[in-house]
Amino acid sequence: MHHNLLLILGLLFVVFLLVMLAQRIRIAYPIFLVIAGLGISFIPGVPHIHLKPDLIFLIFLPPLLYEAAWYTSWNDFWKWKRPIALLAFGLVFLTSGVIAYTSTLFIPGMTLALGFLLGGIVSPPDAVAAATVLKGMKVPKRIMAILEGESLVNDASSLIVFKFALVAVISGTFSMQEATGQFFVVSIMGIVIGLAGAHIMYAIHRFLPTTPAIDAALTLMTPYILFLAAEQFHFSGVMAVVSGGLFMSYRSHEIFKTGSTRLNMLGVWTTVIFVMNALVFILIGLELPEIISGLGDYSIADGIKYGIIISIITIILRFLWV
């Protein structure tokens, strides 16, 4: 236990140093952290990191999505709903389908179900990396609003594709008609649960005698409550968190009226989200040895080649779609 705690503290310290270095040399810190993680993973004696997907979904995903929803302007989101929906759903589904079919052509042993699994993973662009890269550029507000709105919803659509593809891989059967129907049920019911949970949390903040510390703690608990409630009924936890976050953000002026409450929440959320984002990016790099050991019959050169081809296809598809 002491060893694990020391490892976590050491990793956090390294992350903070790397972020400061990235800012000094003016490189987007998400990209820099991934590269640094790759380099650190080759140092002798560094323990191999194995990330459990369920752990990532449960610990990191809910607050990151909730924070993104909280800082998304509802007016801008609704104003640009058409391009946001076309990117968050249309482009994700198109990319997943194209990657699924093309990957079976050049990757030996790749099945269509595995192709959709891969497509669901690579189809949504990362919002944090994009926002960090564009921060120093004069990007029109409309473009940023569309990118932020897209990143808020595309995780939900890609995760649903991923889950259906995973079921197809495990069971060996796949029905497009059944998957389409399930998609709408899972998404809509996730939104319903998210809005219901958000109304309950709204009532607690609005009508009970909370303090700034309690308000901040409750906002940290809310995304986990919404996510777990939806997942308990096998609906979309992502859609629950996003819809609940948008509702709470829209009503925030009614429940967080004092300056002390807002400042306290801002400090708490800024710190938590920064640490989580930084940890996720460096862990991606540190997991490289684990990924290499799982290549099986494929060589590292094959993995790099397939990765480059799939990346090029994904980028070209986005340009064509836009």
Side-chain angles (χ1 to χ4, degrees), residues 53-82 84-85 87-89 92-93 120 124 127-128 145-146 148-164 179-208 210 214-256 265 268-269 272-273 276:
D54 292 340
L55 192 67
I56 297 297
F57 286 150
L58 181 60
I59 294 178
F60 289 92
L61 191 61
L64 291 175
L65 285 173
Y66 193 77
E67 191 259 356
W70 189 273
Y71 288 107
T72 297
S73 167
W74 172 252
N75 292 330
D76 288 340
F77 185 83
W78 185 253
K79 181 180 180 181
W80 303 110
K81 58 184 179 296
R82 181 178 176 273
I84 288 172
L87 288 168
F89 292 99
V92 165
F93 295 149
V128 177
I146 292 172
E148 290 171 356
E150 176 203 0
S151 66
L152 193 61
V153 187
N154 64 9
D155 283 332
S157 54
S158 63
L159 279 172
I160 292 171
V161 172
F162 175 83
K163 287 186 176 181
F164 281 123
T180 304
Q182 280 289 100
F183 168 79
F184 285 106
V185 171
V186 166
S187 301
I188 293 171
M189 290 307 297
I191 294 172
V192 170
I193 290 177
L195 291 175
H199 274 85
I200 295 172
M201 299 307 295
Y202 168 81
I204 293 172
H205 285 290
R206 180 77 185 272
F207 301 113
L208 294 183
T210 58
I214 292 175
D215 280 327
L218 285 173
T219 57
L220 284 176
M221 293 168 58
T222 300
Y224 292 107
I225 293 171
L226 299 178
F227 185 85
L228 290 171
E231 290 292 321
Q232 181 67 29
F233 296 101
H234 305 290
F235 299 131
S236 174
V238 173
M239 293 304 292
V241 173
V242 168
S243 57
L246 284 172
F247 174 82
M248 292 295 288
S249 174
Y250 185 71
R251 294 296 186 92
S252 62
H253 66 283
E254 300 175 14
I255 52 181
F256 307 124
M265 285 178 53
V268 169
W269 273 95
V272 169
I273 296 303
M276 284 191 165

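Note that these values count all heavy atoms, side chains included, but never hydrogens, waters or copies made by symmetry. Residue indices begin at 1 and follow the sequence shown.
If you take CG on Leu220 and CD1 on Ile225, they are separated by 11.0 Å, rounding to the nearest 0.5 Å. Note that CH2 of Trp80 and CG of Asn75 are 13.0 Å apart. Values are rounded to the nearest 0.5 Å. To the nearest 0.5 Å, atoms CD1 (Ile146) and OG (Ser151) are separated by 12.0 Å.
Aromatic ring orientation, Phe93 versus Phe89: tilted (interplanar angle from 30° to 60°). Below 30°, between 30° and 60°, or above 60°: for Phe256 and Trp70 the angle between ring planes is between 30° and 60°, a tilted geometry.
Here Ser243 pairs with nothing under the side chain to side chain donor-acceptor pair (under 3.5 Å) rule; sequence neighbours left out. Listed by chain and number, the residues in a side chain to side chain donor-acceptor pair (under 3.5 Å) with Glu67 amount to none (sequence neighbours excluded). Listed by chain and residue number, Tyr66 satisfy the ring pair (Phe, Tyr, Trp, His ring centres under 6.0 Å) test with Trp269 (two or more places apart in sequence, or in another chain).
A heavy-atom distance below 4.5 Å is not found between the side chains of His205 and Arg251. A 4.5 Å side-chain heavy-atom check between Phe77 and Val153 finds at least one atom pair inside the cut-off. Looking at Phe235 and Val185, their side chains come closer than 4.5 Å, going by heavy atoms from C-beta outward.
Summarising the geometry of Pro63 relative to Met276, their closest heavy-atom pair is CG-SD, 3.4 Å, with the distance given to 0.1 Å. Shown here for Ser158 and Pro124, the closest heavy-atom pair between the two residues is OG-CG, 3.3 Å. Scanning all heavy atoms of the two residues, the minimum distance from Ala216 to Val268 falls at CB-CG2, 4.2 Å. Nearest heavy atom pair, residue Leu226 against residue Gly197, reads CD2-CA, 3.6 Å. Across Met201 and Thr222, no two heavy atoms sit closer than the pair CE-OG1, 3.4 Å. Here the closest heavy-atom approach between residue Val186 and residue His234 is recorded as CG2-O, 4.0 Å.
Within 6.0 Å of CZ in Phe184 there are 12 or fewer heavy atoms belonging to other residues, nucleotides or ligands. For Glu254, the CD atom is densely surrounded, since the number of other residues' heavy atoms within 6.0 Å is greater than 12. Enclosure of atom CZ in Phe60 by more than 12 non-hydrogen atoms of other residues, nucleotides or ligands within 6.0 angstrom is indicated.
In terms of modelled atom types and a separation under 3.5 Å, the side chain of Tyr71 and the main chain of Ser249 share no donor-acceptor contact. Proximity of a side-chain donor or acceptor of Glu148 to a complementary backbone N or O of Thr72 within less than 3.5 Å is not detected. Between the side chain of Ser236 and the backbone N or O of Gly190 there is no donor-acceptor pair closer than 3.5 Å.
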### Query
Can you check side chain to side chain contact (heavy atoms under 4.5 Å, CB included) on Ile204 and Ile255, steps first, answer last?
CA-CA 9 Å; Ile204 293 172; Ile255 52 181; over 6 Å; no
